[in-house]
Structure formats: structure tokens, C-alpha cells
Amino acid sequence: MSFETLPGFRAFYPESSARRADIFEKWRAAAHSFNFLEYDAPVLEPLELYIEKSGEEIVGQLFHFEDRGGRAVALRPEMTPSLARLVGAKANSLKRPIKWFNIGEHYRYERPQKGRLRAFYQFNADILGESGASADAELIALLIQSLKAFGLGVEDFKLRLSDRDLWLFLLAAEGLDAAGSAQVLGIIDKLERNSREKTLEQLATVLGESAAVFMTKVEAVVAIRDFPALVEYFTALPIEGTQTEAIEARLAEWRVLLTALDNSGMGEFVEIDLGIVRGLAYYTGFVFEAFEASGEGRALAGGGRYDDLVGKLGGQAMPAVGFAMGDVTLGDLLEKKGLMEVAEAGPDFIFIIGGVAERAQALADAACLRAAGYRVEYPLKEVAFGKQFKDANQRGARFAVIYGSEELASGVFKVRDMAAGTERDYPRTDLVALAESLLEEGQD
RNA sequence: GUGGCUGUAGCUCAGUUGGUUAGAGCACCGGAUUGUGAUUCCGGGGGUCGCGGGUUCGAGUCCCGUUAGCCACCCCA
């Protein structure tokens, strides 16, 4: 009987494990630099948690089953519902703003394809308890920094920024209620993927005869790329009274957001693009997605404001904004750009052991250096000298230390710098101090 | 869930119109090599040719099914 890895799941041999560790380290370092705190939640959750957030349709996309206690459970497909529950449960005692992040594996029962697997890692970051656009700016700055940390620049990726609130003004002007608006946003979300004819057809089912006129408005809005044009378009809308003030207020929020991003040095990555509205209906304000600069591929990261969700899932209402970044699309991009760290570091020291008699001293020294935190390797069986050096070379050792009868007889610590090819004797005094100076300064 | 393409050693691949015991390079292990590493030489392990069925005297090769991978659609939290 033979077994294979389940579809859409990956095994991590040391090389890919090293790459994954590198990605996690950079994500974590970025989050820490913005003073986000790490949290975690169960991988297995009540199925109901996801149905409550996303509706019954979600069940078909989940790994779910009934546990032996008769509970309907699911492997987490995303982090946000768990986060909302955690925060909601302690809402009154948590210092705000709450800035939290998580790096964890998520599971979705979907057909694997380019940039999408069934098990993948996500970096989630959220700011809760602050409704102002400064929070959106802080979060977006973290998102951009998290990508820059890999050496990616403006020529590699961009962040497409949009706003569902602005869309709602437009839709209200068309006389649409909440349900109709949600429907139209769903159509706009697919604008890029569908033909103009198909989009028109879909709009007509909601708007009837005004669909064609509305379509031209949509095309004008989606073409806007800079803030002055955005202001011009929305202040010129034929809308009166309190709505006009609301639009003014909304544009002021935009100003706060864009100014903060410019001041943080992130402005160059941001591109206004109201074509982004994001699929599910719970987003309430700014929404954004990061893409490869060429526009190819799936989104590198996506997020937005969700001011109503915590109240719905956690009981206690709380404004929130967050993003998620996956390891699969990012890994593909890093690979393509040649920015993927490939190998795990080699050992600091490999011991070359002459024979059974010399092994005792080598083991004692290895234990000493290992206790001090150095990476030390030695052969587990008796092997010819030449082979040991060859092996040390192949394993990428920084230094080889020779344990032969001559060295032990004369009481020296003979160290060979594998890269330089130099070899020197050192007195057998403080090995840890010697190791430290060798690794810092090398061998003269 | 739907469709297209592809499955021969760990990896990259060869394998003639269907014909005996399925090969190469790389990688791995051992040796030449009992005190010095990237070269060289020799040897070795590793395959139910993705799996199942069919056609045939005979199938890695042809046909059907299935499974997995890749890609696209649906969906994308």
C-alpha cells in the first residue's frame, strides 16, 4: 500500500521548509516593527462560526465533518471569525487600538490551481477599536512593508485602493436599497473578468432600463487613478442636501488616509482603483488588494474595513480593519523575481575525527559548543579523512576542526576555514571564546 | 462541480510500425583513498512504466475507465 500527499497539500522537505521559515520570519518581523502582537486560535472550529459569517454556501468550500461528540466542525478557512470571537469575548478589557497578527495554516476544499492550494499559510493583521482612516493607513503601511521586506519594490507590486462607501453614494443616487447595492457591487467585482455585454446584462436585471447609462458611469469611476480626479467626480455628482455633506466627509477621510501613506513613504505603491470592491458583503469602507505590478496572477494580499462583523460574531460591536496575505502567491512571485532564499545555513563547525580514540574528545567539545548555541556536526561512523573533508565541504560547513592523533598529542585545536582553505592551530583553552572570534572575524 | 493537457527511477528525460530481462544523465550509497574538500575512475541500490480493465500470441507503446499533477472556468473569505 502506498500513500501520497493529499491534493492541494504540501510536504516540506528541508529546502522548502527553510523557504517557509524565511517567509514567516519576515512577516513576523514586519508585524513586530509596527508593534502588532501575535495571537493564535484553534485550527478546528464549530462549522456554525463560518456559516454565521458567510452563509450556507460556504459549507461546500470547507473541510468539515462531525466529530465523535456529534459536533459539526470545520478546519478554519480564514482567521477573521476566530479573531472576532476572541476580541468580542474580551472587548471591554482590551487596550485599544488592538493591533494583532497571526501566521497560520488555513484550509479550503477547492480545486487547486495556480496560486491556490487546499492548505496554505496566511499572514493576518488587524486593527480593532479604531474607526478613523489613520488605522486604515497604519494597516496598509504594514501590508506594503511586509512585501518590501522581501526586496520587492514599486516595479514589483502595487496596492489597488478602493472604497465601498463611495460606491454606496453612487448606488443610492440610482435609488438602490441595501440589497440592490450589494447585488450591483457583486457585478462590479467581476467587471474585469466578464465581457462588457455580460456585465450590462447583469446590471439590467437589477437596474432595468437605466443599466446602460449606469454602465457608462461605472466605467468612468473605474478609470479614476488619482485623488484630484476622484474629488472632482464625486463633488460634481448631482446629489443634494445631507448626502453632499456625507460625500465631503468621506473625501476628508480619503485625504487622511492618503496623506498618512505618503508621510510613511508608502504612497508610491498605492493606486486608486475603484474596480476593487471585494467579493463578500461585510466590508464597509476602504478595501484594497495588492497585486503584482504587471497585474498578472492572483492577489498577493487583500483586506479592508469591516466595522459590523465583530458585533455580529463577537456580540460586542467594534470597528475593525484587516488584511490577509497568503504564502502561495507570494512564494510564486518571489520565485519568479529570484528573491527566494534557497538554502538552510550549513553548520558552523564540522569535526573531522581520526579514529575511535579521538572521538571522546570530539564529543566533549561538540557538547560544549552546542550548549553555547553553535551548530556542530561530526561523523556518526569511522570514515576516511578525505571523505570527511569532502562531506564538510558539501554540507557547507564554515569551519572544520581536526581531531587526529597529532592534534590531541600536542594539545592544539586545529581549525580549517573551509571557504578560505586556510588552517591554523589554536591553544585548547576557551573553546567558546575561540568559536565566537572565529565566526565573527574569520581566520586571518 | 465543469473542461483541456500531462503521468517511465528521488530529479530531467530516452524508449523505433506493439516484440526477449525497460535505459541514460544528475542525485544517493560504497570503493579506488589509513591525515586534507569542488576533478577523475570503478561498483551498487532504487521501477508492479500512476492505478484498474480491455484488445492482442505479445502492451511502457493501442482503446476505455479511474486517479494525481498542471492550466482554465465556477468560486475566491
Side-chain angles (χ1 to χ4, degrees), chain A residues 1-11 13 15 45 49-55 57-62 74-84 106-118 120 122 124 126 186 189-190 192-194 198 276-283 287 289 297-304 306 309 313 322-326 328-329 332 346 350-358 381-409 414-423:
Chain A
M1 195 161 203
S2 74
F3 298 99
E4 290 172 359
T5 308
L6 256 19
F9 283 71
R10 292 167 290 177
Y13 285 84
E15 192 178 316
E45 291 276 20
L49 180 64
Y50 303 111
I51 295 176
E52 182 67 26
K53 185 201 159 200
S54 308
E57 320 81 63
I58 197 72
V59 175
Q61 322 235 39
L62 297 179
L75 287 170
R76 63 181 181 202
E78 59 169 326
M79 206 59 189
T80 311
S82 304
L83 171 68
H106 297 264
Y107 311 86
R108 296 179 187 173
Y109 197 90
E110 299 177 295
R111 189 78 157 237
Q113 54 182 278
K114 191 174 182 61
R116 185 167 84 181
L117 300 174
R118 285 181 172 179
F120 53 94
Q122 264 191 0
N124 276 262
D126 297 85
D189 184 44
K190 293 176 174 54
E192 287 176 21
R193 291 192 290 274
N194 289 338
K198 176 145 191 206
I276 299 289
V277 293
R278 291 186 66 72
L280 258 68
Y282 65 82
Y283 285 106
V287 290
E289 291 183 351
R298 311 174 68 81
L300 294 162
Y306 52 99
L309 194 65
L313 294 179
F323 75 78
M325 181 181 295
V328 181
T329 316
D332 286 350
I350 282 191
F351 289 178
I352 310 295
I353 301 178
V356 177
E358 291 79 23
K381 58 181 179 183
E382 304 310 320
V383 182
F385 260 63
K387 214 156 189 67
Q388 292 190 53
F389 279 104
K390 188 172 182 174
D391 187 65
N393 185 51
Q394 287 175 343
R395 286 178 200 276
R398 180 83 176 80
F399 295 103
V401 184
I402 294 98
Y403 286 84
S405 51
E406 297 165 19
E407 288 76 16
L408 291 194
K414 176 172 270 189
V415 179
R416 182 177 181 83
D417 184 319
M418 294 301 290
T422 55
E423 202 164 289

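Numbered from 1 within each chain, the chains take letters A, B, ... in sequence-line order. Every value quoted in this text rests on a predicted model; they were computed, and no experiment measured them.
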### Query
What is the nucleic acid contact for A/R278, judged by heavy atoms within less than 4.0 Å: base, sugar-phosphate only, or nothing?
sugar-phosphate

### Task
Determine the Euclidean distance between corresponding C1' atoms of B/A59 and B/U48; express it in Å to zero decimal places.
14 Å

### Message
Among B/A77, B/A72, B/G35, which nucleotide has an atom closest to any side-chain atom of A/R108?
### Response
B/A77

#### Entry: Distance, C1' atom - from B/G37 to B/C49, rounded to whole angstrom
39 Å

### Message
Between B/C62 and B/G3, how far apart are the two C1' atoms, rounded to whole Å?
### Response
25 Å

#### Entry: A/R116 and A/V328, any side-chain heavy atoms less than 4.5 Å apart
no

### Query
Taking the side chain of A/A384 as heavy atoms from C-beta outward, which of B/G35, B/G1, B/U33 is closest to it?
B/U33

#### Entry: Inter-nucleotide P distance (B/G19, B/C26), Å rounded
29 Å

### Query
Within the structure shown, what part of the strands sits under 4.0 Å from A/G354 by heavy-atom distance: base, sugar-phosphate, or nothing?
nothing

### Message
Using a 4.0 Å heavy-atom cut-off, does A/Q394 contact any base of the nucleic acid, only the sugar-phosphate backbone, or nothing at all?
### Response
nothing

### Message
Assuming nearest nucleotide by heavy-atom distance, tell me which of A/N194 and A/I58 is located more 5' along RNA chain B.
### Response
A/N194

### Task
Determine the contact category for A/T80: base if any of its heavy atoms lies under 4.0 Å from a base atom, sugar-phosphate if only primed atoms, P, OP1 or OP2 are that close, otherwise nothing.
nothing

### Task
Identify which nucleotide among B/G30, B/A77, B/G1 has an atom closest to any side-chain atom of A/Q61, counting heavy atoms from C-beta outward.
B/A77

### Task
Pick base, sugar-phosphate or nothing for A/G355, based on heavy-atom distances below 4.0 Å to the nucleic acid.
nothing

### Task
Grab the CG-P distance between A/L313 and B/A77 for me, whole Å please.
16 Å

### Query
So what does A/Y282 touch, heavy atoms closer than 4.0 Å: a base, only the sugar-phosphate, or nothing?
sugar-phosphate

### Query
Looking for any heavy atom pair under 4.0 Å, which part of the strands does A/E423 touch: base, sugar-phosphate only, or nothing?
base

### Task
Assign A/G8 to base, sugar-phosphate, or nothing according to its heavy-atom contacts below 4.0 angstrom with the strands shown.
sugar-phosphate

### Query
OP1 or OP2 of B/C76 sitting under 4.0 Å from any side-chain N/O of A/K190?
yes

### Task
Pick the P atom in B/C76 and in B/A14, then give their distance to the nearest Å.
41 Å

### Message
For the P atoms, the ones on B/U6 and on B/G50, what distance do you get once it is rounded to whole angstrom?
### Response
14 Å

### Task
Using heavy atoms to find the nearest nucleotide of RNA chain B for A/K198 and A/A397 separately, return the residue whose nucleotide is more 5′.
A/A397

### Query
Does the A/E358 side chain pair with the main chain of A/G355, one donor and one acceptor, at a distance under 3.5 Å?
yes

#### Entry: Distance, rounded to the nearest Å, where A/F120 contributes CZ and B/C76 contributes P
14 Å

### Message
Does the Lys NZ or Arg CZ of A/R118 fall within the cation-pi geometry relative to A/Y109 - under 6.0 Å from the ring centre and within 45° of the axis?
### Response
yes

### Task
Give the nucleotide from the list B/C76, B/G30, B/A72 with an atom nearest to the side chain of A/Q113.
B/A72

### Backbone of A/L49 reached by a side-chain donor or acceptor of A/E52 within 3.5 Å
no

### Task
Scan A/E407 against the nucleic acid and name what it touches under 4.0 Å (heavy atoms): base, sugar-phosphate only, or nothing.
base

### Message
Testing the basics here: between A/L117 and A/F120, what is the closest heavy-atom pair and its distance to 0.1 Å?
### Response
O-CD2, 3.8 Å

## Note on the structure
Of the candidates B/U36, B/C76, B/A77, the side chain of A/K414 sits closest to B/U36

### Query
Between A/Y403 and A/F351, how do the two ring planes meet: parallel, tilted or perpendicular, split at 30° and 60°?
tilted

#### Entry: Out of B/G30, B/U36, B/C76, whichever nucleotide has its closest atom nearest the side chain of A/I402
B/U36

### Task
Starting at atom OH of A/Y107, determine the distance to atom C1' of B/C75, rounded to an integer number of angstrom.
21 Å

### Side-chain (A/R108) to main-chain (A/P77) donor-acceptor, under 3.5 angstrom
yes

### Query
Is the side chain of A/E78 donor-acceptor paired with the backbone N or O of A/H106 at a distance under 3.5 Å, no angle test?
no

### Within 6.0 Å of CD in A/E192, more than 12 heavy atoms from elsewhere
no

### Message
Any donor-acceptor pair, under 3.5 Å, between the side chain of A/R116 and the base of B/C71, if you only look at N and O atoms?
### Response
no

### Task
Taking atom P in both B/G65 and B/U61, compute the distance separating them and give it to the nearest angstrom.
16 Å

### Query
Tell me: CD1 of A/I352 to P of B/U34, nearest whole Å?
15 Å

### Query
Where do A/T80 and A/L309 land on the side chain to side chain contact (heavy atoms under 4.5 Å, CB included) test, with the steps shown first?
CA-CA 9 Å; A/T80 311; A/L309 194 65; 3.7 Å; yes

### Query
Touch check for A/P7, heavy atoms < 4.0 angstrom, all strands: base, sugar-phosphate only, or nothing?
sugar-phosphate

### Contact under 4.0 Å: A/K381 side-chain N or O vs B/G30 OP1/OP2
yes

### Query
Should the pair A/E406-A/K414 be classified as a salt bridge under the 4.0 Å nitrogen-to-oxygen rule?
no

### Task
In whole angstrom, give me the gap between the P atoms of B/G7 and B/U12.
12 Å

## Note on the structure
Between NZ of A/K390 and C1' of B/C29 the distance, given in whole Å, is 12 Å

### Task
Whole angstrom is fine here: how far is it from NZ in A/K114 over to C1' in B/C70?
10 Å

### Message
Checking contacts here: which listed nucleotide (B/G3, B/G35, B/C76) is nearest the side-chain heavy atoms of A/R193?
### Response
B/C76

### Message
Taking any heavy-atom pair under 4.0 Å as a contact, classify A/E57: base, sugar-phosphate, or nothing.
### Response
nothing

### Summary
Pairing string of RNA chain B (Watson-Crick or G-U wobble, both atom distances under 3.5 Å; | = paired to other strand) is (((((((..((((.....[...)))).(((((.......))))).....(((((..]....))))))))))))....

#### Entry: Separation of B/A38 P from A/D391 CG (nearest whole Å)
12 Å

### Task
Please evaluate the base of B/G37 for a donor-acceptor partner in the side chain of A/R416 within a cut-off of under 3.5 Å?
yes

### Task
Check the distance between B/G37's P and A/M418's CE and give it to me in whole angstrom.
9 Å

### Query
A/F389 on top of B/U36's base, within under 5.5 Å and under 30°?
yes

### Message
Counting only side-chain heavy atoms from C-beta out, which of B/G35, B/A77, B/C70 sits nearest to A/P112?
### Response
B/C70

